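These numbers come from a predicted model, not from an experiment.
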Amino acid sequence: MGLVSRTLERVKPSPTMAITSKAREMKAAGFDVIGLGAGEPDFDTPDNIKAAAIEAIKRGETKYTAVDGIPELKQAICEKFARENGLEYKPTEVTVGSGGKHVLYNALLATLDPGDEVVIPAPYWVSYPDIVLLAGAEPVVVETKLEDDFKLMPGALEKVITPKTKWFIFNSPSNPTGSAYTRDEIKALTDVLLRHERVWVLSDDIYEHLVYEGFEFSTPAQVEPKLKDRTLTLNGVSKAYSMTGWRIGYAGGPAELIKAIGKLQSQSTSNPCSISQWAAVEALRGPQDFLTDWVKAFQERRDLVVSMLNEAEGITCATPEGAFYVYPFCAGAIGKKTPKGDAIGNDGDFAKLLLQEEGVAVVHGEAFGLSPFFRISYATGVESLREACTRIQRFCASLS
């Protein structure tokens with residue numbers, strides 16, 4: 001009998017965390033490494049949010065709280081959903097966890113049984129299928145296409161829904177591609193889901209505020225109100241407010257589901273950090289004007305990266321509508337060799353040799369379920385991005 005459970009043996013460590021750790025290790029060892037693996041804004045948390053946390057400490061808000069969030073934060077979340085998404089939730093229909101991943105984990109663990117299936121479009125955020133596996137269910141991965149802007153087509157969704165399908169996971173703007181669905185594109189998918197009354201929708205909206213050139217964000221329960229009673233709308237403060245380390249995620253959904261999530265959380269983590277919860281209240285209720293400058297900066301970085309990558313030999317890079325990622329197609333490099341004679345057989349080799357030869361850390365496409373691609377996070381300074389893209393161009397030009 002082994003120590004590690006068979007369930008845990010079904011999953012793998014997060015590839016994005018692994019590449020970020022590898023880049024940090026190489027930097028610490030003195031190597032010149034530019035890390036483009038982490039999905040983390042480089043901006044500091046706004047001062048008013050930090051001040052709210054300090055005030056919470058001074059008030060003594062340092063004790064246990066309600067398991068799934070303080071009333072003040074739940075109310076602020078209800079206000080946010082109503083104000084920004086046209087969704088009406090009561091506090092009993094809101095859950096707060098230690099990050100969006102925690103809320104996602106809770107929702108799937110609380111609802112999935114062995115034999116259940118979860119439909120996941122690829123490329124996907126690396127944790128989706130592994131959390132499904134941890135819950136004892138089966139991920140059903142549906143590949144999208146570059147020519148469709150990595151968006152799932154309604155016919156493809158219809159084909160994979162079976163009597164075993166419990167959830168459909170939807171992420172827009174997407175990690176890793178940055179692609180965002182228009183309202184009409186979402187409506188085409190919700191029309192399919194209306195025909196399958198047993199399928200629930202988990203909409204991961206964490207990149208909601210990071211959209212460019214006037215793109216109008218929409219979420220499934222907003223587009224199709226008839227789905228609201230079987231939709232969990234997930235969000236958090238990590239990306240829009242640069243609060244990744246504060247670990248606050250939240251979601252709105254039917255009270256029965258929220259109660260089940262709370263029951264699970266009561267026997268695992270209990271409440272999220274009390275100080276972080278008060279900071280999140282300020283994030284949601286405080287000034288939002290800083291986002292204009294942040295989005296402008298991200299868009300400029302996106303345009304720089306897309307332009308420079310499309311000048312690299314063998315690389316094709318689409319222009320995404322949101323988030324802070326690009327997902328370049330690297331088929332033109334597959335089958336070639338480096339000057340040292342190392343062969344590039346797949347996108348994993350491409351990422352490994354790029355790090356080895358040029359000190360640029362990216363995440364290979366296989367980790368996201370669709371090859372041959374790789375993901376770059378452009379949530380870092382312009383000069384670092386320019387230098388990284390120059391190195392990628394040089395690496396591609398050296399291949400034969």
Side-chain angles (χ1 to χ4, degrees), residues 14-16 36-41 100-101 104 118-132 139-154 156-157 167-190 201-213 215-220 222-223 231-236 238-240 249 295 298-299 301-302 305-306 309 316-329 347 362-371 373-379:
S14 168
T16 53
L36 303 179
E40 181 173 53
K101 182 185 288 189
L104 174 77
V118 179
V119 174
I120 305 172
Y124 46 68
W125 178 49
V126 295
S127 293
Y128 291 150
D130 285 307
I131 293 175
V132 171
V140 177
V141 174
V142 191
E143 291 189 359
T144 61
K145 299 177 181 179
L146 174 60
E147 52 265 37
D148 294 329
D149 294 327
F150 302 109
K151 295 175 185 178
L152 182 65
M153 296 293 104
L157 174 59
W167 285 96
F168 165 56
I169 296 181
F170 179 76
N171 177 214
S172 173
S174 159
N175 176 4
T177 68
S179 293
Y181 289 72
T182 66
R183 188 180 187 91
D184 288 345
E185 289 167 340
I186 294 174
K187 184 63 169 66
L189 295 176
T190 59
V201 182
L202 198 160
S203 183
D204 183 349
D205 298 353
I206 197 73
Y207 296 97
E208 170 186 4
H209 292 294
L210 304 180
V211 291
Y212 311 118
E213 296 167 325
F215 184 91
E216 183 179 346
F217 173 83
S218 300
T219 192
Q222 174 189 27
V223 172
T231 298
L232 185 70
T233 304
L234 183 149
N235 213 314
S238 294
K239 312 300 182 179
V295 169
F298 279 135
Q299 182 176 326
R301 296 173 187 184
R302 178 203 66 175
V305 170
V306 169
L309 288 177
T316 301
C317 186
T319 303
E321 296 91 350
F324 39 65
Y325 309 107
V326 290
Y327 200 61
F329 185 53
D347 52 37
V362 301
V363 186
H364 60 293
E366 183 185 3
F368 305 100
L370 192 66
S371 296
F373 296 86
F374 61 98
R375 191 194 77 171
I376 281 179
S377 167
Y378 53 84

Asker: OG/S218 to NZ/K187 distance, rounded to the nearest 0.5 angstrom?
Answerer: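 So the gap between those two atoms works out to 12.5 Å.
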Asker: What I'd like to find out is whether the side chain of T144 reaches to under 4.5 Å of the side chain of T177, using heavy atoms alone.
Answerer: no
Asker: Please tell me whether T219 and S203 have a donor and an acceptor in their side chains that are separated by less than 3.5 angstrom.
Answerer: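 Yes - a donor-acceptor pair under 3.5 Å links their side chains.
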Asker: Hey, is CD on E147 packed in by over 12 heavy atoms from elsewhere, all under 6.0 Å?
Answerer: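 It does: E147 CD has more than 12 such atoms within range.
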Asker: Restricting to side-chain contact (heavy atoms from CB on, under 4.5 Å), what partner residues turn up for V295, sequence neighbours left out?
Answerer: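 side-chain contact (heavy atoms from CB on, under 4.5 Å) check on V295 returns L210, Y212.
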Asker: Which pair of heavy atoms, one from A379 and one from P41, lies closest together, and at what distance?
Answerer: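 Shortest heavy-atom separation between A379 and P41 comes out as CB-CA, 3.9 Å.
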Asker: Taking the side chain as everything from C-beta on, heavy atoms only, tell me whether I169 gets closer than 4.5 Å to W125.
Answerer: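 No, side chains not in contact.
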Asker: Can you confirm whether the side chains of D184 and T182 place a donor and an acceptor under 3.5 Å from each other?
Answerer: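 No, no side-chain donor-acceptor pair sits under 3.5 Å.
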Asker: If you measure from CD on E40 to NZ on K239, what distance do you get to the nearest 0.5 Å?
Answerer: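 Taking CD in E40 and NZ in K239, the distance rounds to 7.5 Å.
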Asker: Side chains of N171 and Y124: does their closest heavy-atom pair fall under 4.5 Å?
Answerer: no
Asker: Does any non-hydrogen side-chain atom of P173 lie less than 4.5 Å from one of V211?
Answerer: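 Side-chain contact under 4.5 Å: yes.
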Asker: Which atom pair, heavy atoms only, marks the closest approach of I376 to L309?
Answerer: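 The answer is CD1-CD1, 3.9 Å.
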Asker: Heavy atoms, side chains only, cut-off 4.5 Å: are S174 and F150 in contact?
Answerer: no
Asker: Should the pair F168 and F170 be assigned to parallel (<30°), tilted (30 to 60°) or perpendicular (>60°) ring geometry?
Answerer: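 Because their plane-to-plane angle lies in the 30° to 60° range, the rings of F168 and F170 count as tilted.
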Asker: Run the numbers on Y128 and L104 for side chain to side chain contact (heavy atoms under 4.5 Å, CB included), then give the verdict.
Answerer: CA-CA 8 Å; Y128 291 150; L104 174 77; 3.6 Å; yes
Asker: Check whether any side-chain heavy atom of T233 lies under 4.5 Å from a side-chain heavy atom of Q222, and answer yes or no.
Answerer: no
Asker: With no hydrogens and no angle check, just 3.5 Å: does a side-chain donor-acceptor pair link S179 and D149?
Answerer: no
Asker: After noting the C-alpha distance and the side-chain angles of F324 and R301, does the key distance pass the side chain to side chain contact (heavy atoms under 4.5 Å, CB included) rule?
Answerer: CA-CA 9 Å; F324 39 65; R301 296 173 187 184; over 6 Å; no
Asker: Would you name the heavy atoms of V326 and C317 that are closest together and state the gap between them?
Answerer: CB-SG, 3.7 Å
Asker: Any side-chain to backbone donor/acceptor pair from R302 onto P320? Under 3.5 Å, distance only.
Answerer: yes
Asker: Please check: side-chain N/O of N235 versus main-chain N/O of D205, any donor-acceptor pairing under 3.5 Å?
Answerer: yes
Asker: Of all the heavy-atom pairs spanning V306 and A318, show the shortest one and how long it is.
Answerer: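 Taking V306 first and A318 second, the nearest heavy atoms are CG2-O, 3.7 Å.
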Asker: Closest heavy-atom contact between A122 and V141?
Answerer: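 Taking every non-hydrogen atom into account, CB-CG1, 3.5 Å.
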Asker: I need the Q299 CD to E213 CD distance, nearest 0.5 Å.
Answerer: 4.5 Å
Asker: What's the separation between atom CG in D204 and atom NZ in K101, rounded to the nearest 0.5 Å?
Answerer: 11.5 Å
Asker: Would F368 and F373 count as a side chain to side chain contact (heavy atoms under 4.5 Å, CB included) here? Give the steps.
Answerer: CA-CA 9 Å; F368 305 100; F373 296 86; over 6 Å; no
Asker: With a 4.5 Å cut-off on side-chain heavy atoms, are V118 and P129 touching?
Answerer: no
Asker: For the residue pair Y378 and F298, categorise the inter-ring angle as parallel (less than 30°), tilted (30 to 60°) or perpendicular (more than 60°).
Answerer: perpendicular
Asker: For P139 and I120, work out which heavy atoms get closest and say how close.
Answerer: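 Here P139 and I120 meet closest at CB-CD1, 3.9 Å.
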Asker: Does E366, at its CD atom, have more than 12 non-hydrogen atoms belonging to other residues, nucleotides or ligands within less than 6.0 Å?
Answerer: no
